[in-house]
Amino acid sequence: MALLPWSPNNNVFGSVWLTVLSFEALLFTISIAFILLAMAKERTELRHRTAAMVDPLTGISNRRAFLQDAALMAKRHSGHPRPTAVLLIDLDHFKSINDRFGHALGDRVLEIFTDAARQSIRSSDLIGRLGGEEFAALLPEVGLENARVAAERLRQSVAETPIETAAGPLSVTVSLGLALVAPDCPDLPTLLRLADEALYKAKNAGRNRVCWA
Ligand code: GH3
Ligand code: MG
Ligand code: MG
């Protein structure tokens with residue numbers, strides 16, 4: 001108020017400046033309200049988008065997000081001299097773990113497995129939970145030998161890390177199917193099908209092993 005021009009009749013409330021100032025304050029309040037509303041809407045949208053893409057138990061990509069990101073990544077790395085690999089991973093006899101130790105421990109096994117899997121691959125590789133106790137990873141530019149090493153590292157780290165339960169340590173194993181982009185560059189669905197066939201082989205051969213297409 002001290003900075004406002006002096007009003008001759010000294011009637012502050014009748015001054016046009018007060019009207020201007022009040023109008024400005026009103027505009028300011030309305031703008032802030034709109035900005036806050038827009039921010040809240042954006043946060044809600046982000047939360048919904050994340051919920052649609054992230055598996056709530058393990059915090060990694062769900063099936064939809066994995067398939068979407070993997071298709072993009074496989075395409076981006078196609079033509080590279082070192083091929084891209086797909087790994088399908090399935091926990092062995094998981095139903096029996098649930099049956100013997102309860103669903104809550106089963107959930108914990110899935111979380112512990114996810115941590116082990118993330119540590120066995122590069123941070124630039126993709127990993128996702130396809131559903132239940134089945135997971136997939138996309139390893140771009142690895143080649144067969146490195147992909148086998150990564151798969152074997154993961155298999156071993158799960159097998160060698162028993163999970164503490166009230167009834168004592170529980171040993172968990174996984175079976176893995178591995179497929180590589182062939183020179184004729186098949187698409188992701190073909191790669192996943194090949195990896196699934198390899199996983200089936202690993203299960204039939206006695207589980208706790210890596211097989212490749
Ligand atoms: P295999 O070695 O042949 O893979 O046998 P499996 O018992 O692992 O496979 P199966 O498909 O028979 O059983 C999978 C089980 O996984 C059945 C289902 O109840 C359980 N499951 C699926 N999702 C979840 C989950 O989010 N949490 C828990 N605790 N269990 C789950
Ligand atoms: Mg299983
Ligand atoms: Mg399964």
Side-chain angles (χ1 to χ4, degrees), residues 42-74 84-140 142 147 150-179 188-189 191-193 195-200 202-203 207-211:
E42 203 165 297
R43 265 173 71 156
T44 312
E45 276 173 10
L46 182 70
R47 218 174 16 239
H48 286 167
R49 250 200 326 271
T50 309
M53 303 303 251
V54 173
D55 172 52
L57 177 67
T58 58
I60 58 175
S61 293
N62 62 18
R63 179 184 195 91
R64 183 171 146 200
F66 176 82
L67 293 179
Q68 196 175 302
D69 294 346
L72 281 176
M73 199 185 242
T84 290
V86 162
L87 263 181
L88 273 189
I89 312 144
D90 189 287
L91 276 73
D92 295 331
H93 302 302
F94 189 63
K95 189 175 177 307
S96 144
I97 294 178
N98 272 333
D99 291 346
R100 284 178 295 150
F101 300 93
H103 206 267
L105 188 103
D107 281 0
R108 220 163 72 72
V109 169
L110 292 172
E111 291 173 305
I112 292 170
F113 163 79
T114 303
D115 288 342
R118 285 171 114 159
Q119 278 169 30
S120 299
I121 58 175
R122 301 165 297 184
S123 57
S124 55
D125 296 336
L126 273 186
I127 183 156
R129 184 179 177 197
L130 296 188
E133 26 72 89
E134 187 166 319
F135 296 79
L138 187 93
L139 323 178
V142 278
E152 186 54 34
R153 187 167 55 225
L154 171 55
R155 185 204 62 74
Q156 212 171 332
S157 94
V158 175
E160 286 172 1
T161 315
I163 290 165
E164 288 307 321
T165 74
L170 163 71
S171 152
V172 177
T173 61
V174 290
S175 299
L176 301 98
L178 173 62
L188 187 70
L191 260 182
L192 282 168
R193 187 178 52 74
D196 197 45
E197 284 170 15
L199 173 61
Y200 189 76
K203 289 281 182 187
R207 296 174 172 78
N208 189 24
R209 68 197 62 217
V210 182
C211 284

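Numbering of residues begins at 1 and proceeds along the displayed sequence. Since the structure is predicted, the reported quantities are computational estimates derived from the model, not experimental observations.
- In this structure, the side chains of Leu188 and Leu138 come closer than 4.5 Å at one or more pairs of heavy atoms.
- With contacts defined as side-chain heavy-atom distances shorter than 4.5 Å, the pair Val158/Leu91 does not qualify.
- In this structure, the separation between CD on Glu42 and OG1 on Thr44 is 10.0 Å, given to the nearest 0.5 Å.
- Proximity of Arg100 to Leu170: side-chain heavy atoms (C-beta onward) are separated by under 4.5 Å at one or more points.
- Evaluation of the side chain to side chain contact (heavy atoms under 4.5 Å, CB included) rule for Gln119 yields no partner, not counting sequence neighbours.
- Asp196 is not listed as a side-chain neighbour of Tyr200, based on a closest heavy-atom distance of 4.5 Å or more.
- With sequence neighbours left out, the side chain to side chain contact (heavy atoms under 4.5 Å, CB included) criterion links Glu152 to Arg155, Gln156, Val210.
- Taking the salt bridge (charged side-chain N to carboxylate O under 4.0 Å, His left out) definition, one finds that Arg122 meets it with Asp125, sequence neighbours left out.
- Checked against Leu176 for a side-chain contact (heavy atoms from CB on, under 4.5 Å), the options Asp90, Leu199, Asn208, Leu154 give a single hit: Leu154.
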Taking only distance into account, with no hydrogens and no angle test, what donor-acceptor pairs under 3.5 Å do side-chain atoms of residues 50-66 form with protein atoms, sequence neighbours excluded?
{"residue": "Thr50", "atom": "OG1", "partner": "Leu46", "partner atom": "O", "Å": "2.7"}
{"residue": "Asp55", "atom": "OD1", "partner": "Arg129", "partner atom": "NH1", "Å": "3.2"}
{"residue": "Asp55", "atom": "OD2", "partner": "Thr58", "partner atom": "N", "Å": "3.1"}
{"residue": "Asp55", "atom": "OD2", "partner": "Thr58", "partner atom": "OG1", "Å": "2.5"}
{"residue": "Asp55", "atom": "OD2", "partner": "Arg129", "partner atom": "NH1", "Å": "3.1"}
{"residue": "Asn62", "atom": "OD1", "partner": "Arg64", "partner atom": "N", "Å": "3.2"}
{"residue": "Asn62", "atom": "OD1", "partner": "Ala65", "partner atom": "N", "Å": "2.9"}
{"residue": "Asn62", "atom": "ND2", "partner": "Ala52", "partner atom": "O", "Å": "2.8"}
{"residue": "Arg63", "atom": "NH1", "partner": "Leu130", "partner atom": "O", "Å": "3.1"}

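- The shortest distance between side-chain heavy atoms of His48 and Glu45 does not fall below 4.5 Å.
- When the side chain to side chain donor-acceptor pair (under 3.5 Å) test is applied to Ser175, the partners found at least two apart in sequence or on another chain are Asp92.
- Taking NE2 of His93 as the start and CD of Glu133 as the end, the distance is 11.0 Å to the nearest 0.5 Å.
- Nearest heavy-atom pair across Leu87 and Ala151 is CD2-CB, 3.6 Å.
- Distance check, rounded to the nearest 0.5 Å: OG1 of Thr173 to CZ of Phe94 gives 12.0 Å.
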Stepwise, does the side chain to side chain contact (heavy atoms under 4.5 Å, CB included) test hold for Leu67 with Leu192? CA-CA 10 Å; Leu67 293 179; Leu192 282 168; 3.4 Å; yes

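- Side-chain contact between Ile112 and Val172 is absent, with no heavy-atom pair separated by less than 4.5 Å.
- Leu139 contributes atom CG, which lies 8.0 Å from atom CG of Leu178 (distance to the nearest 0.5 angstrom).
- Across Ala150 and Ser120, no two heavy atoms sit closer than the pair CB-O, 4.1 Å.
- Sorted by first then second residue, the ring pair (Phe, Tyr, Trp, His ring centres under 6.0 Å) pairs that include residues 119-139, not counting sequence neighbours, are Phe113-Phe135.
- In terms of heavy-atom proximity, Leu88 sits nearest to Ala136 at CD2-CB, 3.7 Å.
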